[in-house]
Q: 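Before I ask anything, here is the structure I am working with.
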Number of protein chains: 2
Amino acid sequence: MPAQTSHKPPRDGLRADARENRDRILKAAREAFAAQGIDVPVAAIARRAGVGVATLYRRFPTRDALVTEAFAEELGHCVSVLDEGLADPDPWRGFCTVIERVCLMQALDRGFTQAFLTEFPGQADFARERARAEEGLALLVRRAKDAGGLRQDFEPSDITLLLLANCGVTTGADEEAATASRRLAAYLLHAFRADGAAPLPPPAQLGLDRIHE
Amino acid sequence: MPAQTSHKPPRDGLRADARENRDRILKAAREAFAAQGIDVPVAAIARRAGVGVATLYRRFPTRDALVTEAFAEELGHCVSVLDEGLADPDPWRGFCTVIERVCLMQALDRGFTQAFLTEFPGQADFARERARAEEGLALLVRRAKDAGGLRQDFEPSDITLLLLANCGVTTGADEEAATASRRLAAYLLHAFRADGAAPLPPPAQLGLDRIHE
DNA sequence: GGGTAAACGGACGACCCCCTCCGTTTGGAC
DNA sequence: GTCCAAACGGAGGGGGTCGTCCGTTTACCC
């Protein structure tokens, strides 16, 4: 019997049922996005969550808001993968690890890449995270180049190129997508190596904020 | 004054106005598919062609029929690129040329790849052309391997992998798409070379009939 | 237990796309 | 010029998604 009842103070101003529904919606959204891509109908998410459409819209007024929230966790995972790569004493190995892991994440969740590479007008959160990611990637690239593992004419935009390419090969079922993704990543990482590098055509102007479709 | 009037015998059983409209529709469809992808609304094509929707449907009962006709020419171009590649006395150069040209075609016409890599139920024409293409590509690969230019563990499915990857990087404006495509093709062709080849993960099970989305 | 504001969810109007029906127009043979 | 089958095009029914409105239910404070 605590003096101050701690069991039901609506910490974020939400009633208990509302909070639970919110969680259910986010879970359903993540599943639906992963399985069917980012274009899945809102009604399908609501049905999967076992709530009405209105409840979903009350919590997430726009589709973008839902997407942002749904992928916040995975975005964090991405950032930690990047940090791990930067912490690797072998810059080239760190570089490869980041690429391979992110590609696999893409392969297993087709919604995530779409979300990450798509511009969301007014979603400051995504823009900020993306900017952080770009900084980190630039550093990763610099380290790998300086260590001699990565070819000198590699551009940070080549990472976006790889992510987009990977996005293209990961449209099938999970296992198939993962296999294709692994093979593509292996080919490209081989091509990115400094030894045996041949001249390249000019890089594409691609940032992570690449608009999709 | 020819005994048999040759100016207006409806060769394909179409009236003159119908034939002209048919051509206009195909032209409009090609433009629309190239500019906006294969999912462009039928009504938009009809409007662009300056005909009513009914006229379009009368000529092309299903969407697939329209797509098939619209890309027949480009498909033929693809086949001739393949033939040229096969005719090249240097198998590796022939291989590279085919890849580079097809990638560029993809980059400049976003509808084409979607059409080519998508299954059209009941469109025997496409299936047949695709089968021919697969045979030709298999031969191209074999020659390039035997000549020592292409790595031994390369699989014909890797070409589909490349096409899908290229599809992923060619979603932007034409020029941007072409730049990205060229760079990706250069990286991958470098990775496909026999010299310096490192072990690869297993190939993906990808045919040209790869279902898309 | 009772009251109230928050939360709920189904129904609904707006929009878009697909494809067909049907009244009108027109090419071209005689 | 006359005629008719062929061709035309717009209107409209069916299906789907989006986002909102509003009458009903429910959590939580007292």
Side-chain angles (χ1 to χ4, degrees), chain A residues 1-26 28-29 32-33 36-70 111 114 120-122 213, chain B residues 2-26 28-29 32-33 36-67 69-70 111 114 120-122 213:
Chain A
M1 21 319 273
Q4 184 188 3
T5 64
S6 65
H7 52 336
K8 274 170 198 163
R11 290 192 304 157
D12 34 9
L14 286 183
R15 228 166 64 178
D17 54 346
R19 157 149 284 291
E20 194 200 337
N21 278 335
R22 188 175 189 282
D23 291 344
R24 299 241 301 274
I25 290 169
L26 281 177
F33 287 148
Q36 300 175 238
I38 210 173
D39 292 327
V40 62
V42 175
I45 298 177
R47 204 176 331 114
R48 188 190 280 256
V51 305
V53 211
T55 300
L56 195 158
Y57 279 106
R58 195 171 308 111
R59 272 329 134 225
F60 308 96
T62 76
R63 188 193 194 76
D64 288 0
L66 177 57
V67 171
T68 305
E69 282 288 328
Q114 292 179 324
F120 285 113
E213 287 303 86
Chain B
Q4 184 188 3
T5 64
S6 65
H7 54 336
K8 273 168 197 165
R11 289 192 305 157
D12 35 7
L14 284 183
R15 228 166 63 176
D17 53 346
R19 158 148 283 294
E20 194 200 337
N21 277 334
R22 187 176 189 282
D23 291 344
R24 299 242 301 275
I25 290 169
L26 281 177
F33 288 149
Q36 300 176 239
I38 208 173
D39 292 327
V40 62
V42 175
I45 298 177
R47 204 176 333 113
R48 187 190 281 254
V51 305
V53 216
T55 300
L56 195 158
Y57 279 107
R58 195 171 309 110
R59 269 334 130 219
F60 308 97
T62 75
R63 187 193 194 75
D64 288 0
L66 177 57
V67 172
E69 282 287 331
Q114 292 178 323
F120 285 112
E213 286 303 85

Q: What are the two closest non-hydrogen atoms of Arg63(A) and Asp39(A), and how far apart are they?
A: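 Looking at all heavy atoms of both residues, the shortest contact is NH2-C, 3.3 Å.
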Q: Can you tell me the distance, in whole Å, between the CG atom of Leu14(B) and the C1' atom of dT26(C)?
A: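 Taking atom C1' of dT26(C) as the reference, CG of Leu14(B) is at 15 Å.
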Q: Please state how far atom CD1 in Ile25(A) lies from atom C1' in dA7(C), giving the value in whole angstrom units.
A: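 Going from CD1 in Ile25(A) over to C1' in dA7(C) covers 11 Å.
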Q: List the atom of Val40(B), the atom of Ala32(B), and the distance in Å for their closest heavy-atom pair.
A: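 For Val40(B) and Ala32(B), the tightest heavy-atom pair comes out as CG1-CB, 4.0 Å.
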Q: Are Phe60(A) and Thr68(A) side-chain neighbours, meaning at least one heavy-atom pair lies under 4.5 Å?
A: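 When only atoms from C-beta onward are counted, Thr68(A) and Phe60(A) do not touch, as no gap falls below 4.5 Å.
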Q: Would you give a per-nucleotide map of nucleotides 8-15 of chain D, 5' to 3', where B means the base has a protein non-hydrogen atom under 4.0 Å away, S means only the sugar-phosphate does, and - means neither?
A: BBB-----
Q: If you compare all heavy atoms of Ala70(A) against all heavy atoms of Ala29(A), which two are closest, and at what distance to 0.1 Å?
A: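 Smallest heavy-atom distance, with atoms named: CB-CB, 4.3 Å.
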Q: Mind listing the closest non-hydrogen atom pair of Thr62(B) and Ala65(B) along with its distance?
A: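 So the minimum-distance heavy-atom pair works out to OG1-N, 3.0 Å.
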Q: How close or far is atom C1' of dT17(D) from atom CD1 of Ile38(A), stated in whole angstroms?
A: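 For the pair Ile38(A) CD1 and dT17(D) C1', the rounded distance is 16 Å.
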Q: Can you tell me how far the CZ atom of Arg48(B) sits from the CD1 atom of Ile45(B), to the nearest 0.5 Å?
A: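 If I round to the nearest 0.5 Å, the distance is 8.5 Å.
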Q: Between the protein and nucleotides 12-18 of chain C, which nitrogen or oxygen pairs are less than 3.5 angstrom apart?
A:
| unit_1 | atom_1 | unit_2 | atom_2 | d |
| --- | --- | --- | --- | --- |
| dC18(C) | OP1 | Arg63(B) | NH1 | 3.1 |
| dC18(C) | OP2 | Val42(B) | N | 2.9 |

Q: Are any of the side-chain nitrogens in Arg59(B) or Glu69(B) under 4.0 Å away from the carboxylate oxygens of its partner?
A: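 Looking at Glu69(B) together with Arg59(B), the answer is no, because their closest N to O distance does not fall below 4.0 Å.
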Q: How far apart are the closest heavy atoms of Leu56(A) and Ile25(A), and which atoms are they?
A: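 So the two residues come closest at CA-CD1, 3.8 Å.
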Q: Give the rounded distance in Å between these two atoms: CG of Asp23(B) and P of dA7(D).
A: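 Rounded to whole Å, this separation is 14 Å.
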